[in-house]
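Down below is the structure, laid out as structure tokens.
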Amino acid sequence: MAFFLTYAWLIPLLPLLGCALITIVAPIRNNKVASGWLTIGLMLLATVLAIGLLVATAQGLALRDGQLTTLEAVAHGEGESHGSFSFPEPNVVQRFVWAPVGSDSFEMGIYVDGAVAAMLAMVTIASTCIHLFSLGYMATNARQSRFFSFISLFTAAMLLMTMADNLLLFFMAWEVMGLCSYLLIGFLFERPQAYRAAVKAFITTRIGDVMLLLGLVYLWTQAGSLSFGTAEGQIFNPEFLARIGSEVGMFGLSHATGIALLIFGGTVGKSAQFPLHVWLPDAMEGPTPVSALIHAATMVAAGVFLVARTIRSLGPMMVRPWPW
């Protein structure tokens, strides 16, 4: 089981490799059968890794300093908490220094706990089935190889978003998903209604994404970090959550309320909720596998996952009464 924990980072890398090979290697790009089976094979490998990771996390296994241990040993039987709200220990955290930030540095990496492992298994299994269905559905389309590169890139972004150890990397993958949504909805661009639907979806979801970005900036100004975790300086730190829940920000709202509402605005756009739901009916102009991958299985679920990932922590701190 240590293998699945150690190499969890391969899960988003495998579909990304499929997209890169189709885009760069001309013989693969020009062979519809080869490009299809290449992406399917890589997705099968990613699915095996995701299922193995899910089993390892279900068994309570964890990876610390390259050594296999258990969550009980790491947390001494209980995670950190604030009041009645608990913050479970992650099974895997792997980070590297990405960019300097003043006298400090910004790190990027993966953060895997039980919720992440379950989401990874769901996304990889659903996406593998959709890849298989696309092999026959898109067989008569001259741009089948391009289609497989797009859905592979979308899947890689969704998996990276799920595993991201901080909200900046989360947002970067979130935006790649938005780009792929535009490309896939408008894939049959010969039809005017298809490219119009792609533009409509892109612009509408950007409204929610601007709100999400503002929420991340607001959170950064309060925490000085966007990293998941309960340590000092991380956004799940109980003392930090208690502070932003009690301090008043703009419009008489607590900082936690303002941050949570802005982040929730991003989920409204991505999950096609009122009033940013108008892009979803038109988006069905994309090929059927696109509807299955984006609108039923993964992208709409991304908004729900963002709520589960962040507002589950910020929400309990939204305790200050509204001024009116």
Side-chain angles (χ1 to χ4, degrees), residues 79-90 106 111 113-116 118-119 158 160-175 177-178 204-277 298-324:
E80 293 185 72
S81 64
H82 179 79
S84 60
F85 306 104
S86 61
F87 303 90
E89 286 283 344
F106 200 97
Y111 185 101
D113 55 19
V116 170
M119 187 72 170
M158 180 71 186
L160 180 60
M161 182 210 74
T162 303
M163 301 180 73
D165 80 313
N166 66 83
L167 284 171
L168 178 59
L169 182 58
F170 186 105
F171 184 75
M172 292 165 64
W174 181 276
E175 289 303 298
M177 290 169 58
T204 305
T205 54
R206 293 293 76 72
I207 296 172
D209 291 354
V210 169
M211 296 180 65
L212 174 58
L213 180 59
L214 291 174
L216 299 188
V217 172
Y218 193 174
L219 180 59
W220 171 272
T221 62
Q222 296 300 314
S225 169
L226 294 175
S227 297
F228 298 138
T230 58
E232 184 177 356
Q234 296 178 330
I235 62 173
F236 292 163
N237 179 262
E239 289 75 19
F240 163 69
L241 293 177
R243 178 178 66 80
I244 64 172
S246 59
E247 291 183 357
V248 179
M250 295 183 296
F251 308 113
L253 304 175
S254 69
H255 293 310
T257 302
I259 294 168
L261 290 176
L262 286 170
I263 291 177
F264 184 71
T267 73
V268 168
K270 193 70 80 178
S271 295
Q273 304 300 311
F274 179 83
L276 300 179
H277 63 290
T298 54
M299 191 175 89
V300 173
V304 179
F305 182 77
L306 176 59
V307 172
R309 203 84 179 110
T310 57
I311 302 181
R312 67 174 182 178
S313 301
L314 296 172
M317 303 305 154
M318 296 165 60
V319 294
R320 181 179 174 82
W322 289 65
W324 53 83

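FYI, side chains are in, hydrogens and waters are out, and symmetry mates aren't considered; it's all heavy atoms of this structure. Every value quoted in this text rests on a predicted model; they were computed, and no experiment measured them.
Between the CG atom in L213 and the CZ atom in F171 there is a gap of 4.5 Å [rounded to 0.5 Å]. Rounding to the nearest 0.5 Å places CE of M163 at 13.0 Å from CE of M119.
At least one side-chain heavy atom of D113 sits less than 4.5 Å from a side-chain heavy atom of V116. Residues T310 and L219 form no side-chain contact, since every pair of their non-hydrogen atoms from C-beta on lies 4.5 Å or further apart. Two residues are said to be in side-chain contact when any heavy atoms from C-beta on lie closer than 4.5 Å; F240 and Q222 meet this criterion.
Between T204 and L276, the shortest heavy-atom distance links the atoms CG2-O, 3.8 Å. The two residues G245 and S254 make their nearest non-hydrogen contact at O-CB, 3.6 Å. In terms of heavy atoms, G233 sits closest to S225 at O-CB, 2.8 Å. Taking each heavy atom of F170 and M161 in turn, the nearest pair found is CD1-O, 3.3 Å. In plain terms, the two heavy atoms of G303 and S271 that are nearest each other are CA-OG, 3.2 Å.
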Q: Could you walk me through whether T230 and N237 pass the side-chain contact (heavy atoms from CB on, under 4.5 Å) test, one step at a time?
A: CA-CA 4 Å; T230 58; N237 179 262; 5.6 Å; no
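Identified under the salt bridge (Lys or Arg N to Asp or Glu O under 4.0 Å) test for residues 249-265, with sequence neighbours left out: none.
Not counting sequence neighbours, the partners of R206 by the salt bridge (Lys or Arg N to Asp or Glu O under 4.0 Å) test are E175, D209.
Proximity of a side-chain donor or acceptor of K270 to a complementary backbone N or O of W174 within less than 3.5 Å is detected. At distances below 3.5 Å, not a single donor-acceptor pair connects side-chain atoms of R309 with backbone N or O atoms of F228. In this structure a side-chain-to-backbone donor-acceptor pair under 3.5 Å is present from S246 to R243.
Aromatic ring pairs are classed by plane angle as parallel below 30°, tilted from 30° to 60° and perpendicular above 60°; the pair H255 and Y218 is perpendicular.
A side-chain contact (heavy atoms from CB on, under 4.5 Å) with L226 holds for exactly one of L169, L168, D165; it is L168.
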